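Encoded as structure tokens, the structure appears first; notes follow it.
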Amino acid sequence: MDENKFTFENQEYKDTYRHTTSHILAQAVKRLYPDVKLAIGPAIENGFYYDFDAPFAITPEILENLEAEMRKICKEKLKLERFELPREEAIKFMEEREEPYKVELIQDLPEDAVISFYKQGEFTDLCAGPHLDSTGRVKGNAIKLTSCTGAYWRGDSNRKMLQRVYGTCFMKKAELDEYLERIEEAKKRDHRKLGKELGLFMLTEEGPGFPFFLPKGMVLRNTLIDYWRQVHKKYGYVEISTPIILNQELWHRSGHWDHYKDNMYTTVIDGEDYAVKPMNCPGGMLVYKSEPHSYRDLPLRVGELGLVHRHELSGALHGLFRVRCFTQDDAHIFMTWDQMKDEIKNVMKLFDEVYSVFGLSYKIELSTMPEDHIGDIKDWDFATETLKEAVTEVGKEFEINEGDGAFYGPKLDFHLADSLGRTWQCGTIQLDMQMPERFELEYVGEDGQKHRPVMIHRVVLGSIERFIGVITEHFGGAFPTWLSPVQVKVMPITDRTASYAEEVAKKLDEAGIRVETDLRNEKIGYKIREAQMQKLPYMLVVGDREAEAGAVAVRTRDGKDLGAMPLEQFISKIKEEIETKAR
């Protein structure tokens, strides 16, 4: 017997456990507030939720009352019993209980459908299941209702706004406590909060979803881009830039006008329809087509830091994680079919190098052919098998995400894990057998004949903006020295050593180190604490003794006092730290 069958290691059991807990929440609501109407209550990634139509606002105090009632229901060890009714009887059953949302759900099912319900004590809910066999299986002291937000019925903004109660649960209280601690830590690391405190970026009502980068944020952004360029040069990429606005005909040719137009910003120029690019690919196709190519040119690796715009619903916007304009760190690799595996491995090697610099581990997911695919199944099979072989040959493992590839090719997605164990989908390697066909791309082969290349779309960071959000939370704003917008702050103890502090700062600046001075007439302890709050890697304190000796007293942001050392020794130390990108 699988020892993990009835643990959260088993995803199916975890979902069943949390779905059962959502029913316990609904039962608690009906016990305490019988007039509330029930909508739906699924398990989700970090817990569960249930949507309610309540004639009052569900406050934090109400959530506490509901938690207490849920613990009682768990102690009652109520048996969950499944039963079925024909559709018309099921409708009548829910009408008698005055549950209009359940009635609507049933009415949308086929007329010959048999509808299932689950009963626990006095409470019955419409549900396909499955569920645990008893409310006693759920640990009442490991349940937490976390928040209540608005949610439109069935996700339709034209329908009624309901109240969605979110919760989470675990099999042990210690696991819940650990999770809640991580949530609190995540709040402290929220990139929106840190972005404001550290002066990195801002968001305004004048441009929702269009972030403004501030001076320190630009230093961080440009340092990241400099590294991107450095690593791409090492791996044999050339860089291009394509226009932000291109005409309608191009977007018809690429398929975006027909399949993605609702997410595109459009304009009219000289009476002709144009679109602001949501993706860089079509422009990259035009660059390839601009001159003839031979098999000797391939593989051709073309990178682009392209600013793209996509219309996102206002409710979906979230700091730098979901924006309406962002810089995608794209690359398009044009190659022959027999170069495919080596190019995939080369991209994975680049990904591995980049992610390790930031201390981000990852899992790989292979998405296979969807039902609405285009192209020859034989090509799909070859491409999918090549992705599998490439991942295996570089010593990595992968999970299959069946049927979730793009309509034009299979792909690898890289899910990064940060310091809190949260995952972020950033890198993608997308095989494309169709775009070269749509744009009639060609190269002359060894045989002197024209052939169609195959291509890879890939991003390593995903977007510069989102990746900055990810690493801000990953490092909690305490960026490694090489990335930190300000690497050193020099602080004189008294006015007498202010000129020496400026001399130190000048030498650091000449050595290529990002430095600021704090010459204010404040106590040194206050200056140090403030610099620590700004998460600056190093603070150099200079007094009379340091000035006489040509030295600096070195402190770190985590409170370590490294003592006094010659300035040249400190410069040598920090330069090595920056050059090696030490964490």
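All figures in this text were calculated on a predicted structure; none of them were measured in a lab. For the numbers below, each heavy atom of this structure counts, side chains included, while hydrogens, waters and symmetry mates do not.
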Inset, instruction - Check whether the ring centres of Phe358 and Phe467 lie less than 6.0 Å apart, and answer yes or no. - result: yes
Inset, instruction - Give the ring-plane orientation class for Phe213 versus Phe201, where under 30° counts as parallel, over 60° as perpendicular and anything between as tilted. - result: tilted
Inset, instruction - Could you check whether the rings of Phe351 and Tyr355 sit parallel, tilted or perpendicular, using 30° and 60° as the cut-offs? - result: tilted
Inset, instruction - Give the intermediate values and the outcome of side-chain hydrogen bond (donor to acceptor under 3.5 Å, both in side chains) for residues Thr59 and Glu61. - result: CA-CA 5 Å; Thr59 62; Glu61 292 73 25; 3.3 Å; yes
Inset, instruction - Please round to the nearest 0.5 Å and tell me the distance separating atom CD1 of Ile183 and atom CG of Asn46. - result: 6.5 Å
Legend entry - Closest non-hydrogen atom pair, Thr267 against Ile245: CG2-CG2, 4.4 Å
Inset, instruction - Could you grab the distance from atom CZ of Phe117 to atom CG of Leu85, nearest 0.5 Å is fine? - result: 5.0 Å
Inset, instruction - Begin from the C-alpha positions of Arg221 and Thr327 and carry the test side-chain hydrogen bond (donor to acceptor under 3.5 Å, both in side chains) through to its verdict. - result: CA-CA 11 Å; Arg221 180 189 176 98; Thr327 305; 2.8 Å; yes
Inset, instruction - Check the angle between the aromatic planes of Phe8 and Tyr17 and answer parallel, tilted or perpendicular using the 30° and 60° thresholds. - result: perpendicular
Inset, instruction - Answer yes or no: does atom CD of Glu399 have more than 12 heavy-atom neighbours from other residues, nucleotides or ligands under 6.0 Å? - result: no
Inset, instruction - Taking atom CE of Met533 as the centre, report whether more than 12 heavy atoms of other residues, nucleotides or ligands fall under 6.0 Å from it. - result: no
Legend entry - Arg137 atom CZ, over 12 foreign heavy atoms within 6.0 Å: no
Inset, instruction - Carefully, step by step, assess Gln328 and Glu304 under the rule side-chain hydrogen bond (donor to acceptor under 3.5 Å, both in side chains). - result: CA-CA 8 Å; Gln328 202 162 38; Glu304 178 174 15; over 6 Å; no
Inset, instruction - Would you indicate whether Glu96, at its atom CD, is surrounded by more than 12 heavy atoms from other residues, nucleotides or ligands within a distance under 6.0 Å? - result: yes
Legend entry - Proximity of His373 and Trp380 rings by center, below 6.0 Å: yes
Inset, instruction - Compare every heavy atom of Val323 with every heavy atom of Glu312, then report the nearest pair and how far apart it is. - result: CG-O, 3.5 Å
Inset, instruction - Would you name the heavy atoms of Ala43 and His19 that are closest together and state the gap between them? - result: CB-N, 3.9 Å
Legend entry - Closest non-hydrogen atom pair between Leu536 and Arg557, with its separation: O-CB, 3.0 Å
Inset, instruction - Report yes or no: is the cationic atom of Arg164 (NZ for Lys, CZ for Arg) closer than 6.0 Å to the six-membered ring centre of Tyr49, at no more than 45° off its axis? - result: yes
Inset, instruction - Answer yes if the side chains of Asp432 and His457 hold a donor-acceptor pair under 3.5 Å, and no otherwise. - result: yes
Legend entry - Asn65 and Glu69 side chains, donor-acceptor separation under 3.5 Å: no
Legend entry - CA sep, side-chain torsions, deciding dist, call: Arg154, Asp108, salt bridge (charged side-chain N to carboxylate O under 4.0 Å, His left out): CA-CA 12 Å; Arg154 305 188 93 165; Asp108 286 348; 2.5 Å; yes
Inset, instruction - Mind running side-chain hydrogen bond (donor to acceptor under 3.5 Å, both in side chains) on His252 and Gln248 for me, showing each step along the way? - result: CA-CA 6 Å; His252 276 300; Gln248 173 185 344; 2.8 Å; yes
Legend entry - Where Asn141 and Lys173 come nearest, the two heavy atoms and their spacing: O-CG, 3.5 Å
Legend entry - Plane angle bin for Phe56 and Tyr33 - parallel if under 30°, tilted between 30 and 60°, otherwise perpendicular: tilted
Inset, instruction - Output the distance between atom CG (Leu366) and atom CD1 (Ile400), rounded to the nearest 0.5 Å. - result: 4.0 Å
Inset, instruction - With salt bridge (charged side-chain N to carboxylate O under 4.0 Å, His left out) as the test, would you mind laying out the steps for Glu99 and Lys37 before giving the verdict? - result: CA-CA 6 Å; Glu99 295 291 355; Lys37 306 303 178 192; 5.8 Å; no
Inset, instruction - Please say which of Lys188, Arg182, Lys187 ends up in a salt bridge (charged side-chain N to carboxylate O under 4.0 Å, His left out) with Glu184. - result: Lys187
Inset, instruction - Compute the centroid of each ring, for Tyr118 and then for His131, and state whether the two points are separated by less than 6.0 Å. - result: yes
Can you list, pair by pair, the side-chain donor-acceptor contacts under 3.5 Å of residues 189-198, counting residues two or more places apart and other chains?
| residue | atom | partner | partner atom | Å |
| --- | --- | --- | --- | --- |
| Arg189 | NE | Glu185 | OE2 | 2.8 |
| Arg189 | NH1 | Ser419 | OG | 3.0 |
| Arg189 | NH1 | Glu473 | O | 2.9 |
| Arg189 | NH1 | His474 | O | 2.7 |
| Asp190 | OD1 | Arg192 | N | 2.8 |
| Asp190 | OD1 | Arg192 | NE | 3.1 |
| Asp190 | OD2 | Arg192 | NE | 3.4 |
| Asp190 | OD2 | Arg192 | NH2 | 2.6 |
| His191 | ND1 | Glu473 | OE2 | 3.0 |
| His191 | NE2 | Leu320 | N | 2.8 |
| Arg192 | NH1 | His318 | ND1 | 3.3 |
| Lys193 | NZ | Glu197 | OE2 | 3.2 |

Legend entry - Trp424 ring center within less than 6.0 Å of Phe321 ring center: yes
Legend entry - Heavy atoms from other residues, nucleotides or ligands near NZ of Lys119 exceed 12 (cutoff 6.0 Å): yes
Legend entry - Least distance between heavy atoms, Phe170 atom then Lys139 atom: O-CB, 4.1 Å
Inset, instruction - Would you check if the distance from the ring center of Tyr50 to the ring center of Tyr166 is below 6.0 Å? - result: no
